[in-house]
Protein chains: 2
Amino acid sequence: MKQTKSIATDKKLNAPLPVVSGLRLTKQRQEVYQTLLEKRDHPTAGEVFKRVRKKLPTISLATVYNCLEALVDHRLVRQVNFERKSSRFCPNLVEHGHFQDTSTGKVYDITIKDGVDLADFINLPEGVCVQEAEINLRGAVADS
Amino acid sequence: MKQTKSIATDKKLNAPLPVVSGLRLTKQRQEVYQTLLEKRDHPTAGEVFKRVRKKLPTISLATVYNCLEALVDHRLVRQVNFERKSSRFCPNLVEHGHFQDTSTGKVYDITIKDGVDLADFINLPEGVCVQEAEINLRGAVADS
DNA sequence: CTGTTATTTAGAATGATTAAAAATGAAGGC
DNA sequence: GCCTTCATTTTTAATCATTCTAAATAACAG
Ligand SMILES: [Mn+2]
Ligand SMILES: [Mn+2]
Ligand SMILES: [Zn+2]
Ligand SMILES: [Zn+2]
């Protein structure tokens, strides 16, 4: 499927892990973050583990989980869940949703139309303040 | 939070499990389905198990999972997932999304504005045919 | 450089869900 | 109603992604 361009897609492929208060800089975290930037295919923790091991052969799976959690908690990475499958991870910080091709399992970013707001198409009850919005689609792609 | 009325919300509280080809009618399935209709609070499988046991004290948890899976596969019930928490189950078949109150954990149905279509606010790539759409919000509710 | 603490690591534990296999029962034909 | 067949239920064990534990290591503030 054709990839849509976006600000985040144009981000440098080897941007260093931003210095954020409360997030100690370790080579494991840098490498996990780099790995997510280099191939934006929404890998699972296990897939990230396989990739990072090429650079850091002694890293453990638990550390990959720890790093991903730290990155997610600091909002440098988003966690994407389809049904009860393994979580996937996405470094695109622009507001977007996800589409999964049911025949390949691959996950793609989908962007929200410019200037569109949640409340424009959803009946939000009085007094609710939406903090996180998840839009996950699944379906087929023509020809493939 | 105030419940929004909908066609499905007005459905009889004790509608029998519809006869569907390929779905054999058992008292376990009927009771699981009834339980979902009676209290539309998006219970987990474990919660359904606790409720159904009052009527069918010998039912097993595996059977509750089996029944829920059968109902979901036959599109009589929807499965709702927030992050990696236990799946929840919803008998509302009208197209809708879900909102979770982060302070109580409770899940509410949210309806899509009338006449609004996915493609109206999402940039769908060429040739994709959306088969399932999941809209899950989390946030806070005023006063509570 | 040193001390303090967060992080990493290997391994064990967790918990929701699924699978296996034997027992049960729903539905269809007679 | 009775029989046959095959889906479903039940109990139990297995799976598997993720989290926890405790000891070893390494950021980084002073
Ligand atoms: Mn977290
Ligand atoms: Mn299913
Ligand atoms: Zn993404
Ligand atoms: Zn619902």
Side-chain angles (χ1 to χ4, degrees), chain A residues 16-35 42-53 55-74 76-90 100 105 107, chain B residues 16-35 42-53 55-74 76-90 100 105 107:
Chain A
L17 180 56
V19 176
V20 177
S21 110
L23 188 63
R24 193 170 284 192
L25 204 68
T26 67
K27 58 183 187 305
Q28 290 85 352
R29 285 177 180 168
Q30 298 186 64
E31 201 56 52
V32 165
Y33 184 65
Q34 279 310 313
T35 298
H42 303 88
T44 61
E47 185 58 38
V48 171
F49 179 48
K50 284 198 288 187
R51 295 180 196 175
V52 170
R53 247 193 319 198
K55 292 283 189 63
L56 298 178
T58 64
I59 196 172
S60 72
L61 178 57
T63 297
V64 171
Y65 273 102
N66 289 340
C67 292
L68 290 169
E69 180 180 22
L71 294 172
V72 169
D73 286 351
H74 285 79
L76 297 170
V77 164
R78 279 183 52 186
Q79 185 165 358
V80 180
N81 298 303
F82 274 92
E83 306 180 337
R84 308 216 86 246
K85 295 284 152 49
S86 302
S87 287
R88 296 165 171 277
F89 297 88
C90 170
Q100 182 169 45
V107 174
Chain B
L17 180 56
V19 175
V20 177
S21 108
L23 186 65
R24 192 169 285 190
L25 204 67
T26 67
K27 58 182 186 306
Q28 290 86 350
R29 285 177 179 167
Q30 299 187 63
E31 201 56 52
V32 165
Y33 185 65
Q34 278 310 311
T35 297
H42 303 87
T44 61
E47 184 58 37
V48 171
F49 179 48
K50 284 198 289 188
R51 295 180 195 176
V52 171
R53 246 193 318 198
K55 292 283 189 62
L56 299 178
T58 64
I59 196 172
S60 71
L61 178 56
T63 297
V64 171
Y65 273 102
N66 289 340
C67 291
L68 290 170
E69 179 180 22
L71 294 172
V72 168
D73 285 350
H74 285 79
L76 297 170
V77 164
R78 279 183 52 186
Q79 186 165 356
V80 180
N81 297 302
F82 274 92
E83 307 179 336
R84 308 215 85 249
K85 294 285 154 48
S86 302
S87 286
R88 295 166 172 278
F89 297 88
C90 171
Q100 183 170 43
V107 174

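Labels below follow one simple rule: chain letters A, B, ... track the order of the sequence lines, proteins then strands, and each chain is numbered from 1. Side chains are part of it too, since the values below use all heavy atoms of this structure and drop only hydrogens, waters and symmetry mates.
- For the pair Leu71(B) CG and dT8(D) P, the interatomic distance rounds to 11 Å; values are reported in whole Å.
- For Ala62(A), the side-chain atoms get nearest to dT9(C) when compared with the rest of dT9(D), dT8(C), dT9(C).
- In this structure, the side chain of Arg51(A) does not engage the main chain of Gly46(A) through any donor-acceptor pair within 3.5 Å.
- For the pair Arg29(B) and Arg24(B), the minimum side-chain heavy-atom distance is below 4.5 Å.
- For the OP1/OP2 pair of dG25(C) and a distance below 4.0 Å, the side-chain nitrogens and oxygens of Arg24(B) include no atom meeting the criterion.
- Closest approach to the Ser87(A) side chain among dT18(D), dT9(C), dT17(C) is made by dT18(D) (side chain taken as heavy atoms from C-beta onward).
- Side-chain atoms of Thr58(A) lie closest to dT9(C) of the nucleotides dT9(C), dA27(C), dA19(C).
- Comparing dT9(C), dT17(C), dT9(D) by their nearest atom to the side chain of Arg84(A) picks out dT17(C).
- When distances run from any side-chain atom of Ala45(B) to the nucleotides dT17(C), dC28(D), dT10(D), the shortest one goes to dT17(C).
- By the 4.5 Å heavy-atom criterion applied to side chains, Leu76(B) and Leu23(B) are counted as neighbours.
- Contacts of Thr26(B) with the nucleic acid, taken as non-hydrogen atoms under 4.0 Å apart, involve only primed sugar atoms and P, OP1 or OP2.
- In this structure, the side chains of His42(A) and Phe89(A) stay at 4.5 Å or more apart for every pair of heavy atoms.
- Protein atom CD of Glu83(B) is 14 Å distant from nucleotide atom C1' of dT18(D), rounded to whole Å.
- The interatomic distance linking Arg53(A) (CZ) with dA10(C) (C1') rounds to 14 Å, in whole Å.
- Taking atom NZ on Lys50(A) and atom P on dA17(D), their separation rounds to 11 Å, with Å as the unit.
- Spacing between atom CZ of Phe82(A) and atom P of dA17(D) amounts to 18 Å, rounded to whole angstrom units.
- Looking at heavy-atom distances under 4.0 Å, Thr63(A) makes contact with a base.
- With DNA chain D read from its 5' end, the first of the two nearest nucleotides for Gln28(A) and Asn66(B) is the one closest to Asn66(B).
- Listed candidates were dT9(D), dT10(D), dA16(C). Nearest to the side chain of Tyr65(B) is dA16(C).
- Between Asn81(A) and Asn81(B), every side-chain heavy-atom pair lies at or beyond the 4.5 Å cut-off.
- As rounded to whole Å, 15 Å separates atom P of dA13(D) from atom CG of Leu61(B).
- In this entry the distance linking CZ of Phe49(A) with P of dT18(D) reads 14 Å, nearest Å.
- Between Arg29(A) atom CZ and dT8(C) atom C1' the separation is 10 Å, expressed in whole Å.
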